[in-house]
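What follows is a single structure, written as structure tokens, with notes after it.
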Amino acid sequence: MVYEIYGPPDSGKSSYILSTLDKDKITLYINSDFQITTELMHENMYILNSNNVDLMKESVIQLIHLVDVVVIDSLPTVTNESNNTERVITDIQKIISVCNRNKTDLYIINQLRYNQGKEDNTYYLNRLKLYYNKRIKVG
């Protein structure tokens, strides 16, 4: 399943996911915003500190048979060398596909955006045709 964890900036989305992950499951935690709290990590967790989508995709493809859960924290900080948004979207779609095919849960942490003071869509997922099975609002 693909989960979108979303909320306003600094609302505790990363802390929420880290506190709810099953410690018995092996997790690939992709730390793209470099703000992970180390005290919430567990020993069954691989950490990838990178915001480069090419490295993320390759890591997921290589480790997918070893992990039960993949977390991307946080989608708005994901980029690539050419800063090509379409290619970033395509690579995130490939990550979603690989996780779905292998029945690996994928959590994508996202930020809530505001438009003229009103709550708006989140960055990327719906607007860019990246779909989730369940949305969880934090904050």
Side-chain angles (χ1 to χ4, degrees):
M1 284 193 48
V2 178
Y3 300 87
E4 180 189 27
I5 311 299
Y6 73 103
D10 300 318
S11 60
K13 299 176 294 292
S14 300
S15 296
Y16 170 80
I17 192 62
L18 285 167
S19 67
T20 59
L21 288 173
D22 185 341
K23 308 263 185 282
D24 293 329
K25 290 190 175 186
I26 299 171
T27 301
L28 171 60
Y29 196 98
I30 301 171
N31 184 27
S32 68
D33 70 0
F34 306 101
Q35 295 183 7
I36 189 170
T37 308
T38 56
E39 61 268 3
L40 293 176
M41 288 189 235
H42 58 80
E43 61 187 40
N44 289 331
M45 191 177 285
Y46 296 103
I47 307 294
L48 172 62
N49 290 308
S50 177
N51 63 353
N52 182 292
V53 73
D54 301 311
L55 181 58
M56 291 178 191
K57 180 182 70 175
E58 290 309 312
S59 297
V60 169
I61 289 169
Q62 289 177 9
L63 296 172
I64 196 69
H65 298 293
L66 302 175
V67 300
D68 304 302
V69 177
V70 174
V71 177
I72 298 175
D73 183 2
S74 147
L75 189 60
T77 61
V78 174
T79 187
N80 63 13
E81 279 108 30
S82 63
N83 213 12
N84 180 331
T85 303
E86 280 188 33
R87 216 173 108 228
V88 170
I89 295 164
T90 300
D91 285 345
I92 295 292
Q93 288 171 332
K94 287 178 185 173
I95 291 171
I96 291 170
S97 176
V98 167
C99 288
N100 281 336
R101 197 170 38 254
N102 287 278
K103 298 182 179 17
T104 301
D105 288 336
L106 172 63
Y107 293 85
I108 299 175
I109 297 176
N110 211 347
Q111 284 204 11
L112 188 60
R113 299 292 186 212
Y114 292 90
N115 185 6
Q116 299 177 350
K118 292 183 179 178
E119 196 173 287
D120 198 7
N121 289 333
T122 54
Y123 184 80
Y124 274 171
L125 264 76
N126 291 332
R127 290 182 183 171
L128 302 178
K129 299 183 177 157
L130 299 172
Y131 297 107
Y132 54 83
N133 299 102
K134 186 173 181 180
R135 277 182 111 196
I136 301 168
K137 185 175 182 182
V138 175

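Atom CD1 of Ile136 sits about 10.5 Å away from atom CD1 of Ile109, to the nearest 0.5 Å. For the atom pair Thr20 OG1 and Ile5 CD1, the distance stands at 6.5 Å (nearest 0.5 Å). In this structure, Ile72 CD1 and Ile96 CD1 are separated by 7.0 Å, a value rounded to the nearest 0.5 Å. Here CG of Leu48 is found 5.5 Å from CD1 of Ile30. Values are rounded to the nearest 0.5 Å. How far CG of Asn100 is from CD of Gln93: 11.5 Å, rounded to the nearest 0.5 Å. Separating the CG atom in Asp73 from the CG atom in Asn51 is a distance of 12.0 Å, to the nearest 0.5 Å.
Between the side chain of Asn44 and the main chain of Lys23, a donor-acceptor pair closer than 3.5 Å is present. Between the side chain of Asn133 and the backbone N or O of Val2, at least one donor-acceptor pair lies under 3.5 Å. Distance alone, capped at 3.5 Å, is enough to place a donor-acceptor pair between the Thr90 side chain and the Glu86 backbone.
Considering only heavy atoms from C-beta on, Tyr29 comes within 4.5 Å of Ile17 through its side chain. In this structure the side chain of Ile95 reaches within 4.5 angstrom of the side chain of Ile92, judged on heavy atoms.
With sequence neighbours excluded, the residues satisfying side chain to side chain donor-acceptor pair (under 3.5 Å) with Ser32 are Thr77. Residues satisfying the side chain to side chain donor-acceptor pair (under 3.5 Å) criterion with Asn52, sequence neighbours excluded, are Glu81. Qualifying side chain to side chain donor-acceptor pair (under 3.5 Å) partners for Asn49, counting only residues two or more places apart in sequence or in other chains: Asn31.
Pairing each heavy atom of Thr27 with each of His42, the nearest pair is OG1-NE2, 4.0 Å. Among all heavy-atom pairs drawn from Gly7 and Lys13, the shortest one is N-CD, 3.3 Å. Scanning all heavy atoms of the two residues, the minimum distance from Met56 to Ser50 falls at CE-O, 3.3 Å.
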Mind listing the side-chain donor-acceptor pairs of residues 59-71 below 3.5 Å, one per line with the distance, residues two or more places apart or on another chain?
unit_1 : atom_1 : unit_2 : atom_2 : d
Ser59  : OG     : Leu55  : O      : 2.8
Asp68  : OD2    : Ile26  : N      : 2.8

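Pairs of residues two or more places apart, or lying in two chains, that qualify as salt bridge (Lys or Arg N to Asp or Glu O under 4.0 Å) and include a residue from residues 44-54 are Asp54-Arg87. For residues 74-107, the ring-ring contact (aromatic ring centres under 6.0 Å, His included) pairs, not counting sequence neighbours, are Tyr3-Tyr107. Sorted by first and then second residue, the salt bridge (Lys or Arg N to Asp or Glu O under 4.0 Å) pairs with a member in residues 89-101 read Lys57-Asp91; sequence neighbours excluded.
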